[in-house]
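Reading through the structure tokens given below for one structure.
Position 1 is the first residue of the sequence, and the numbers go up from there.
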Amino acid sequence: MDQTIIPPVQSFGGSPSSGYITTENSRINTSTLEEIHRRITPEFPYMTDLCQVHNLPGRTFPWHWHSEVEIFYMRDGVLEYVLPSGTYTFHQGQGAFVNSGVLHMTSCPKGQVCLQEEHIFLPSYLGGQEPSILQKRYITPVLEHPGLDLYPFDPSIPEHQKILNLMRQSYDYYGKRQEGYEFDIRETMTRLWRILFSLTKDLQSDTKKRPRDDRVKIMMEYMASHYQEKLTLNQIAGSAFISPRECSRCFQENLGQSPFSYLTDYRLQKACGLLTHTALSVTQVGAACGFNSSSYFGQAFRETFGCTPREYRRQCRTPDAAAPTGL
């Protein structure tokens, strides 16, 4: 197993009491899983970002959702999007649209890199506010489309390639910030959306529905509030007023993993923040994140991140964090 650790470009920080997982450009509310983007403002509700998921802890960006829509282009490498509706794999030159409010996580397979040009913007950026005819006729039908959680773009399809080209133009405009770039971006993204709208109209007869993820969100929120405790399946299921069997089925159908597998992943992400930003010992970190056994904590950490908690701390600890004790 590769033991090389690259310090993350985006650092998952925050203490158990902070309620947030923070990155360079956003933060995820660990109770609601909503991601808030710092560069999305009322004055200009659009941003781009170059995401390098292979540099994140566990090569994974954790479960989250956001009110903005998301489109992306794969500049290099491989990236997996995991949604309640399934797992989608994207390679260099491909891309996709991810709808507003869709629960998802991303991961980069071992041995791969991931350079993803990501665009995030509020739907009102193009359509204006209700009752704008643009919003009503062209934006809302896409946002509320029952089967449209993710729409992949294949460069071998001419209309898809047009979208990918427009995406890259907008990314360049945002990076160069030349005078009038705001007009250039809005014009480019409007052209992109017009093509996307035409493509998704063909799906109107699609009877596929998004899996109901309301209950699994409730249970994920419950675990975020109680992950430091010893949790049972009955407790997790009870938070959504369903049976343990239905709880397990709900997680498997929506996330492709068991409730306790998700809980372990969540605890490990919180542990990364403590190892990076605090002086707690490794044993204290494990206990603070709900691991009753320090040996199990170490084993789970190595299996997920390919290194021990101590090795991770040596490579990724922030300069302002006090020296840990009791290592």
Side-chain angles (χ1 to χ4, degrees), residues 25-26 32-49 64-73 81 83-85 88 90 94-104 116-154 157-174 180-214 217:
N25 296 313
S26 67
T32 65
L33 303 181
E34 181 180 9
E35 182 181 21
I36 304 297
H37 297 93
R38 294 188 176 94
R39 287 190 276 148
I40 297 292
T41 65
E43 292 80 13
F44 195 57
Y46 169 94
M47 61 167 280
T48 69
D49 195 17
H64 65 286
W65 63 273
H66 38 75
S67 57
E68 301 89 353
V69 298
E70 171 184 339
I71 58 173
F72 67 88
Y73 170 83
Y81 265 69
L83 281 69
S85 59
Y88 305 80
F90 299 93
Q94 298 177 328
F97 163 83
V98 182
N99 215 335
S100 169
V102 172
L103 188 65
H104 61 286
Q116 176 199 31
E117 297 178 5
E118 184 181 52
H119 304 248
I120 303 289
F121 58 95
L122 288 172
S124 59
Y125 174 58
L126 301 182
Q129 302 295 333
E130 295 283 7
S132 158
I133 192 170
L134 294 175
Q135 185 76 16
K136 183 177 180 179
R137 183 175 295 179
Y138 301 105
I139 306 297
T140 300
V142 175
L143 301 180
E144 297 183 355
H145 195 299
L148 188 59
D149 47 7
L150 180 145
Y151 189 94
F153 302 131
D154 182 347
I157 300 174
E159 291 300 290
H160 290 194
Q161 184 61 62
K162 289 180 184 178
I163 286 180
L164 294 169
N165 291 340
L166 290 168
M167 208 184 302
R168 301 217 70 193
Q169 288 179 27
S170 187
Y171 185 89
D172 289 341
Y173 289 143
Y174 190 85
Y181 79 96
E182 299 94 341
F183 286 116
D184 293 330
I185 289 175
R186 189 167 184 180
E187 177 187 357
T188 303
M189 298 305 292
T190 299
R191 291 166 59 196
L192 184 155
W193 192 273
R194 187 170 181 177
I195 300 173
L196 177 66
F197 174 78
S198 297
L199 291 170
T200 56
K201 280 182 67 177
D202 298 335
L203 302 177
Q204 292 297 332
S205 60
D206 186 2
T207 58
K208 176 184 176 183
K209 303 292 184 182
R210 295 186 196 175
R212 292 284 296 174
D213 58 14
D214 295 345
K217 280 183 178 179

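- In this structure, NE2 on H66 lies 5.0 Å from NE2 on H37, to the nearest 0.5 angstrom.
- Between H104 and E70, some side-chain heavy-atom pair lies under the 4.5 Å cut-off.
- Nearest approach of S170 to I185, heavy atoms of both residues: OG-CG2, 3.5 Å.
- Counting only distance, with no hydrogens or angles, the side chain of R39 and the backbone of F44 share no donor-acceptor pair below 3.5 Å.
- Legend: residues meeting side chain to side chain donor-acceptor pair (under 3.5 Å) with K136, ordered by chain and number and at least two apart, are absent.
- Minimum interatomic distance between T188 and D184 (heavy atoms only, all atoms of both residues): OG1-O, 2.7 Å.
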(request) Check the pair V69, V98 against side-chain contact (heavy atoms from CB on, under 4.5 Å), reporting the backbone distance first and the verdict last. (result) CA-CA 6 Å; V69 298; V98 182; over 6 Å; no

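- When the salt bridge (Lys or Arg N to Asp or Glu O under 4.0 Å) test is applied to R168, the partners found at least two apart in sequence or on another chain are E117.
- Proximity of H119 to Y174: side-chain heavy atoms (C-beta onward) are nowhere separated by under 4.5 Å.
- L150 contributes atom CG, which lies 9.5 Å from atom CG of N99 (distance to the nearest 0.5 angstrom).
- The line from CG of L166 to CD of E187 is 9.5 Å long, rounded to the nearest 0.5 Å.
- Proximity of a side-chain donor or acceptor of S100 to a complementary backbone N or O of S67 within less than 3.5 Å is detected.
- For R194, the CZ atom is loosely surrounded, since the number of other residues' heavy atoms within 6.0 Å does not exceed 12.
- Across all non-hydrogen atoms, the minimal contact from G95 to F90 is O-CE2, 3.4 Å.
- Residues E35 and S26 share a closest heavy-atom pair of OE2-OG, 2.6 Å.
- Side-chain atoms of I120 and N25, non-hydrogen and from C-beta on, never get closer than 4.5 Å to each other.
- Atom CD1 of I157 sits about 8.5 Å away from atom CG of L199, to the nearest 0.5 Å.
- Side-chain atoms of Y88 and D149, non-hydrogen and from C-beta on, do get closer than 4.5 Å to each other.
- Test Q161, Q169, K162 against N165 for side-chain hydrogen bond (donor to acceptor under 3.5 Å, both in side chains) and you get one pass: Q161.
- Between P123 and Q135, the shortest heavy-atom contact is O-OE1, 3.9 Å.
- The aromatic ring centroids of Y81 and F72 lie less than 6.0 Å from each other.
- The shortest non-hydrogen separation linking A96 to P152 is CB-CA, 3.9 Å.
- The main-chain N or O of R186 is found under 3.5 Å from a side-chain atom of T190 such that the two form a donor-acceptor pair.
- In this structure, the side chains of I71 and L192 come closer than 4.5 Å at one or more pairs of heavy atoms.
- Annotation: the span from F197 atom CZ to I139 atom CD1 amounts to 9.0 Å, rounded to 0.5 Å.
- Aromatic pair F97/H160: ring centres not closer than 6.0 Å.
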(message) I'd like to know whether Y73 forms a ring-ring contact (aromatic ring centres under 6.0 Å, His included) with F153, so could you lay out the CA-CA distance, the side-chain angles of the two residues, the decisive distance to 0.1 Å, and finally the verdict.
(response) CA-CA 9 Å; Y73 170 83; F153 302 131; over 10 Å; no

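- Between I40 and L122, some side-chain heavy-atom pair lies under the 4.5 Å cut-off.
- Residues V142 and W193 meet the side-chain proximity criterion, which asks for heavy atoms closer than 4.5 Å.
- Looking only at side-chain heavy atoms (C-beta outward), F121 and L126 come within less than 4.5 Å of each other.
- Interatomic distance, CG of D154 versus CD of Q94, reported as 6.0 Å (0.5 Å rounding).
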